Each structure stands twice: as C-alpha cells, then as structure tokens.
A.B. asks: 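Okay, handing you the structure first.
Predicted model, so just to flag it, every value in this text is computed and none were measured.
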Amino acid sequence: VDDIQRILDHLRVTKGEFTLAMLYSSFESGEGDWNLIVSSPWTDSMDQGEGIGLVADALRESLSSDSIPAISRVTVLKSTDPFVLGITSAFSVASPGSTVYISNSTFGGVHIPRAILLYSQKPVAATRP
C-alpha cells in the first residue's frame, strides 16, 4: 500500500489531483489479486487505454518485482461514473498517508468485498465564465 501511495502521490504532483484511487479485491479475505481503480480530471480527458497505460507504466517503473504481481488490473473510470460518484459522496480521503478500509459494501450498484481507499474527493464541477 505504501508503494502504491507513493506512486499515486507522484502522479498527483505531475499530472493533477485524483477524484478516486483505490485498491479493490474481489475476495473479502483480501486473498487474490488487487485491481487499482483510478479516476481523475486528467484521465477524463484521455481515452481509457491511454489512461490505463499511463498508470500501468508508472506502476511498472516504480514497483518492486515482488509487488508487481499483486496488481492484476488497472481500471480507469470517468469522474461521472455512478461508482465514482457513490464512493466520493460517502468518503473524503486525501493523501499522503490517509487510507480507509472498506469491506462488504455497495456503491453505485457495485459490490465491494474488500478495498483500500487512497483518494476520494467529489469531482469538481466544470465552471463556465
């Protein structure tokens, strides 16, 4: 978790704030693979493949070879996705150093057996001059 947090903090400084960043496991026990789910204004402006590639590259460049297999997937969601809106309405988490552990919960119609929430900030509405 500390290594992932460090990578996310670097992306936050170089690319911009996250709306959501969390590690998700489909197993309540936490056994098995983790999915890194991210959402941000800067990934909203990219196509999904580009956002996934950028985050995956940052993980490959910075995680140890022992830690890389723990992350089985990277998912990039739009800030307007119902799941993102559900989580960010329920939690406000800003890092570095903040984490919230979630288990057996449902947000935006998605069941979460187990997750570690690293960032959760309500999306900022676009303003027009």
A.B. asks: Restricting to non-hydrogen atoms, name the atom on Met22 and the atom on Ile112 that form the minimum distance, rounded to 0.1 Å.
C.D. replies: CE-CD1, 4.0 Å

A.B. asks: In sequence, state the C-alpha distance, the side-chain angles, and the governing distance for Arg114 and Ile102, and then conclude on side-chain contact (heavy atoms from CB on, under 4.5 Å).
C.D. replies: CA-CA 6 Å; Arg114 183 166 186 215; Ile102 301 170; over 6 Å; no

A.B. asks: Heavy-atom distance under 4.5 Å between the side chains of Leu117 and Leu23, does that happen here?
C.D. replies: no

A.B. asks: Indicate, with yes or no, if Val13 and Leu63 share a hydrophobic cluster defined by side-chain heavy-atom contacts under 4.5 Å among Ile, Leu, Val, Met, Phe, Trp and Tyr.
C.D. replies: no

A.B. asks: Any side-chain heavy-atom pair from Ile37 and Leu77 closer than 4.5 angstrom?
C.D. replies: yes

A.B. asks: Taking the side chain from Thr88 and the backbone from Val84, do they hold a donor-acceptor pair closer than 3.5 Å?
C.D. replies: yes

A.B. asks: Mind listing the closest non-hydrogen atom pair of Ser26 and Pro113 along with its distance?
C.D. replies: O-CG, 3.4 Å

A.B. asks: Tell me, with the steps shown, if Tyr119 and Gln5 meet side-chain contact (heavy atoms from CB on, under 4.5 Å).
C.D. replies: CA-CA 9 Å; Tyr119 289 93; Gln5 187 68 61; 3.4 Å; yes

A.B. asks: Measure the CD1-CZ distance between Ile68 and Arg60 for me, rounded to the nearest 0.5 Å.
C.D. replies: 8.0 Å

A.B. asks: With a 4.5 Å cut-off on side-chain heavy atoms, are Leu36 and Ile4 touching?
C.D. replies: yes

A.B. asks: Is the CG atom of Asn104 crowded by more than 12 outside heavy atoms at less than 6.0 Å?
C.D. replies: yes

A.B. asks: Does any non-hydrogen side-chain atom of Thr75 lie less than 4.5 Å from one of Val38?
C.D. replies: no

A.B. asks: Go through the steps for Thr99 and Val93 under the test side-chain contact (heavy atoms from CB on, under 4.5 Å), then give the verdict.
C.D. replies: CA-CA 7 Å; Thr99 54; Val93 178; 5.9 Å; no

A.B. asks: Applying side-chain contact (heavy atoms from CB on, under 4.5 Å), run through Leu59 and Glu61 and close with a yes or a no.
C.D. replies: CA-CA 5 Å; Leu59 292 172; Glu61 290 170 7; over 6 Å; no

A.B. asks: Verify, without hydrogens or angle tests, whether Ser89 (side chain) and Leu85 (backbone) share a donor-acceptor contact under 3.5 angstrom.
C.D. replies: yes

A.B. asks: Within the side chain of Gln48, is there an N or O that forms a donor-acceptor pair under 3.5 Å with the backbone of Val76?
C.D. replies: yes

A.B. asks: Heavy atoms, side chains only, cut-off 4.5 Å: are Glu17 and Arg12 in contact?
C.D. replies: yes

A.B. asks: Please determine if Asp9 and Arg6 form a salt bridge, counting it only when a charged side-chain N lies under 4.0 Å from a carboxylate O.
C.D. replies: no

A.B. asks: Atom OG of Ser25 and atom CG of Asn35: how far apart are they, to the nearest 0.5 Å?
C.D. replies: 9.5 Å

A.B. asks: Any idea which heavy atoms bring Ala21 and Leu8 closest together, and the distance?
C.D. replies: CB-CD1, 3.7 Å

A.B. asks: So does Phe91 get a backbone contact from the side chain of Ser120, meaning a donor-acceptor N/O pair under 3.5 Å?
C.D. replies: yes

A.B. asks: Can you tell me how far the NE2 atom of His10 sits from the OG1 atom of Thr14, to the nearest 0.5 Å?
C.D. replies: 4.5 Å

A.B. asks: Do the side chain of Ser45 and the main chain of Trp42 share a donor and acceptor less than 3.5 angstrom apart?
C.D. replies: yes

A.B. asks: Between OG of Ser79 and CZ of Phe18, what distance do you get to the nearest 0.5 Å?
C.D. replies: 11.0 Å

A.B. asks: Once rounded to the nearest 0.5 Å, what's the spacing between atom CG of Asp33 and atom OG of Ser72?
C.D. replies: 4.0 Å

A.B. asks: Is the closest side-chain heavy-atom distance between Tyr24 and Ile116 below 4.5 Å?
C.D. replies: no

A.B. asks: Could you report the tightest heavy-atom contact between Asp44 and Lys78, atom names first, then the distance?
C.D. replies: O-NZ, 2.8 Å

A.B. asks: Between Ser40 and Thr19, do the side chains contain a donor N or O and an acceptor N or O under 3.5 Å apart?
C.D. replies: no

